[in-house]
Amino acid sequence: MSEGDTRPTNFIRDIIDEELAAGKHEVIVTRFPPEPNGYLHIGHSKAILTNYSIAQDYNGRFHLRMDDTNPSKEDMSYVEAIINDLTWLGVEWGESLFFASDYYQQLYEWALFLINECRAYVDDLSLEEMKEYRGNLTEPGKNSPYRDRGVEENLDLFAKMKNGEYEDGAKVLRAKIDMAHPNLNMRDPVLYRILHHNHYRTADEWCIYPMYDFAHGQGDAIEGITHSICSLEFENHRPLYDWFIENLPVPSKPRQIEFSRLNLTHTVMSKRKLLALVEGGYVNGWDDPRMPTLIGYRRRGYTPESIHEFSKRAGVTKQNQVIDISLLDFCLRQDLELKAMRRMAVLDPLKVTITNFPEGEVEWYEGPNHPGIESFGTRMVPLTRELYIERDDFMEDPPRKYFRLAPGREVRLRYACYITAKEVVKDEDGNILEIIAEFDPESRGASTLDGRKVKGTIHFVSASENVPLEVRMYDHLFLNEDPEADGDFIQNLNPDSLKVITAYGEPELKGAKLGDPIQFERKGYFSIDPDSSEEMIVFNRTVGLRDSWGKKQRK
RNA sequence: AGCCCGAUGGUGUAAUUGGCAACACAGCUGGUUUUGGUCCAGUCAUUCUAGGUUCGAGUCCUAGUCGGGCUGCCA
């Protein structure tokens, strides 16, 4: 990010500024608390980056904490995947990698504390009974018959829960708050449940596990988190978050602040829906370049910088935001424009023969690797008698303002020379097979002394001096801006979201490496896919170039 | 229906805290150009509604309307 970049201002930073002015904090500490049960997506990156950028800008600390309180869903492989994604994003947490499971003992002791304070009790109600007793949105709940057990009995029962004397679901530990509270989260929430399940870190050490609400805020307090920044759906949990902080002897008093999640047009974001895409075989796994997962974007050739910029531009508020995916495209192009080496590749080849060009000869022309950045250097591009141009760069009967090749018309072959179309070769069905052309020997180097204007410049690849490529062309996964506008998002899947084509690239492409951003001139930004092999280089289209001509044509 | 939250162009975010509604994306026009790219210029709003306070309201007050979240032993 450049030096001139201004720091974002938002309501959370305003709060921090006020608290800092009032001398409330010495350092600002934020955190990202994923549950290791799935892959991170672009929505998470907003949470990651707003937390991280605040820690950075205030010279504070950023913690990564695995919120692993549910052994039935979590797994070490997800921990590793999350760490990889954050590392790729360029986020650093130093020594501050924590696990909620590291706090199990402390949390257990705090549960005992609440029991001793008569603020927690063991409840024998079944799942169904608890639901009944809870009441609903409009009606208050009623007290469990087990609510008034004595401290000693509760201590004894809770110890037995911990010792594995009961089956899953037989009993829970609940906070004693208020069964008539208008906020359902305050109606004696469950603190601990019995789960005879091996935990990926603590193995069989525990058979009772704390609930999110009982673990999260206390974890924050243990780590000295000053601002526990999370998404809007936890808003109703804040009174409970605060209740624990007030009623437990915790070492610090973190503050939870909620902001709205990020949504993107033409995209689904929930873990459930993403999983349905993977399991239904609609995409080729979590790292499919069409997925909004970080692992998918990385494979597709997105840069971490573009995601930082996007996240910054999205902003932080409490309004429900649905951001136009074109903003992400913009951030990507803006970054790639400055980083990508320029190369030529023909994606939909049409053969051209230059009749006055000597057979079997190869002329090499020098072209800059970037039109505006000299330090990128140059590379040599071969011109031969037979070559390929893009099929839509020739029209037999061109409309107004078509600047490309047409019968009798002259265009510039980028970096090489001017050619004029002389003849069109067709098959019996009228399909164009080949263009017969002539070049102007005086135009070698792609300009002439007479200074005549050639409006069109097209790219080309030699028919003999080239490298074949497999190119995967991606489009929106969903047709509608809102994939669920007409109901089921699966019905809205774009059947053309992936098109695999065979293309020809200039020889220099043989040297391309995984991760190199490349622009196929006039076509878009591309990057090598890990599926590439000795036999075939595979490219993903990261994003197309802006295309004002194509846009005009489609109308 | 109860509780909580939100409402500024097509989209997202601003507005010195009561003083000419700004920036960006998208769209549209034009200019430059060996990428129909990049770059540059122009254009695009009765601040959800109705009342009120005030010299002056996006901002304050009142009443409504619309949208989102919450009834897991998930996070």
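In what follows, chains are A, B, ... by sequence order, proteins preceding strands, each numbered from 1.
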Quick check on [N]: is either OP1 or OP2 less than 4.0 Å from any side-chain nitrogen or oxygen of [X]?
X        : N     : value
A/Arg522 : B/G36 : yes
A/Thr457 : B/U35 : no
A/Arg238 : B/C4  : no
A/Gln319 : B/U13 : yes

Given atom CG of A/Asp329 and atom P of B/U38, what is their separation to the nearest angstrom?
-> 12 Å

Could you state the atom-to-atom distance from CG of A/Leu264 to C1' of B/A26 in whole Å?
-> 14 Å

Across the strands shown, which category fits [X] at heavy-atom distances under 4.0 angstrom: base, sugar-phosphate, nothing?
X        : result
A/Tyr402 : base
A/Gln519 : base
A/Ala314 : sugar-phosphate
A/Ser72  : nothing
A/Glu521 : base
A/Pro371 : base
A/Phe330 : sugar-phosphate
A/Val322 : sugar-phosphate
A/Arg412 : base

Residue pair A/Pro254 / A/Gly217: nearest heavy atoms and the distance that separates them | CG-O, 4.0 Å

Taking a pair as Watson-Crick (N1 to N3 plus N6-O4 or O6-N4) or G-U wobble (N1-O2 and O6-N3), both under 3.5 Å, which stems of 3 or more consecutive pairs involve RNA chain B?
-> B:2-7 with B:65-70, B:10-13 with B:22-25, B:27-31 with B:39-43, B:48-52 with B:60-64

Go through the side-chain N and O atoms of A/His227 and A/Glu19 and say whether any donor and acceptor fall under 3.5 Å apart.
-> yes

Between A/Tyr415 and A/Glu521, does any side-chain donor sit less than 3.5 Å from a side-chain acceptor?
-> yes

Each nucleotide of nucleotides 70-75 of chain B classed B (base within 4.0 Å of a protein heavy atom), S (only sugar-phosphate) or -, in 5' to 3' order, makes SBSBSB

Taking only the [atom1] atom of each, what is the distance from [N] to [M] in whole angstrom?
N     : M     : atom1 : result
B/A24 : B/A41 : P     : 10 Å
B/C20 : B/C25 : C1'   : 25 Å
B/G64 : B/G27 : P     : 43 Å

For the ring-ring contact (aromatic ring centres under 6.0 Å, His included) test, which of A/Tyr103, A/Tyr192, A/Tyr108 pairs with A/Phe214?
-> A/Tyr192

What's the closest nucleotide to the A/Lys551 side chain, out of B/U35, B/C5, B/C28?
-> B/C28

Earlier contact from the 5' end, RNA chain B, for A/Ser326 and A/Lys318 | A/Lys318

Have a look at A/Val122 and tell me which of A/Lys160, A/Met161, A/Arg174 forms a side-chain contact (heavy atoms from CB on, under 4.5 Å) with it.
-> A/Met161

